[in-house]
Amino acid sequence: EISFGLPFADVPAGLKALEVVPAAGLAQIVAFVGFLELFVMKDVTGEGEFPGDFRNGYIDFGWDNFDDETKEQKRNIELNQGRAAQMGILA
């Protein structure tokens with residue numbers, strides 16, 4: 001159950017879900033995303049190599065060991081996967 005007798009199975013895919021999800025639920029989503037944008041997903045240290053680099057000198061996972069060509073390839077893969085996910089949400 002998502003909210004007040006609305007089973008998750010009754011929520012349609014894609015943008016049609018906006019018609020059945022309660023307004024309070026949508027407000028929670030917008031508030032959470034706003035919080036992330038304003039307080040979490042920031043380049044605090046100013047050391048970001050590219051737009052979207054929010055490591056802030058903390059998380060590396062070996063990124064600094066890659067050469068420039070590999071870094072570009074991995075960024076392009078990530079961008080394409082994000083684009084595919086955005087298109088998939090509309091299906």
Side-chain angles (χ1 to χ4, degrees):
E1 227 175 72
I2 286 184
S3 173
F4 304 107
L6 176 63
F8 189 76
D10 290 346
V11 178
L15 295 176
K16 291 192 184 262
L18 296 176
E19 298 171 3
V20 298
V21 174
L26 294 176
Q28 287 175 349
I29 292 169
V30 170
F32 181 66
V33 170
F35 170 78
L36 291 176
E37 288 286 334
L38 293 174
F39 300 107
V40 178
M41 304 300 284
K42 298 175 103 174
D43 182 13
V44 177
T45 62
E47 298 172 356
E49 292 182 41
F50 51 89
D53 181 8
F54 302 125
R55 293 177 292 158
N56 293 318
Y58 177 66
I59 300 174
D60 188 347
F61 297 123
W63 180 258
D64 292 333
N65 297 330
F66 295 128
D67 61 11
D68 290 338
E69 183 178 335
T70 303
K71 286 181 182 181
E72 183 177 354
Q73 178 187 15
K74 288 185 178 290
R75 282 194 300 266
N76 288 334
I77 290 169
E78 183 68 20
L79 283 172
N80 287 332
Q81 289 175 344
R83 290 174 181 141
Q86 290 172 8
M87 294 303 293
I89 196 79
L90 298 176

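What you see is a predicted model, and the numbers here were worked out from it, not measured in a lab. In this chain, numbering begins with 1 at the start of the sequence shown.
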Heavy-atom pair of closest approach, residues A17 and P12: CB-O, 3.3 Å
Listed partners of E19 passing side-chain contact (heavy atoms from CB on, under 4.5 Å), at least two apart: none
For F39, all residues meeting ring-ring contact (aromatic ring centres under 6.0 Å, His included), sequence neighbours excluded: F35
Qualifying salt bridge (charged side-chain N to carboxylate O under 4.0 Å, His left out) pairs, either residue in residues 63-74, two or more places apart: E49-K71, R55-D64
Qualifying residues under side-chain contact (heavy atoms from CB on, under 4.5 Å), relative to D10, sequence neighbours excluded: L6, P7
Cluster overlap M41 with L38, hydrophobic side-chain contacts below 4.5 Å: yes
Residue list, side-chain contact (heavy atoms from CB on, under 4.5 Å) with L18, at least two apart or on another chain: L15, L26
Can you give me every donor-acceptor pair (side chain of residues 79-88, partner residue at least two apart or in another chain, under 3.5 Å) with its distance?
from : atom 1 : to  : atom 2 : distance (Å)
N80  : OD1    : R83 : NH1    : 3.2
N80  : ND2    : N76 : O      : 3.3

Considering all heavy atoms, the nearest E37-K42 contact: O-CG, 4.2 Å
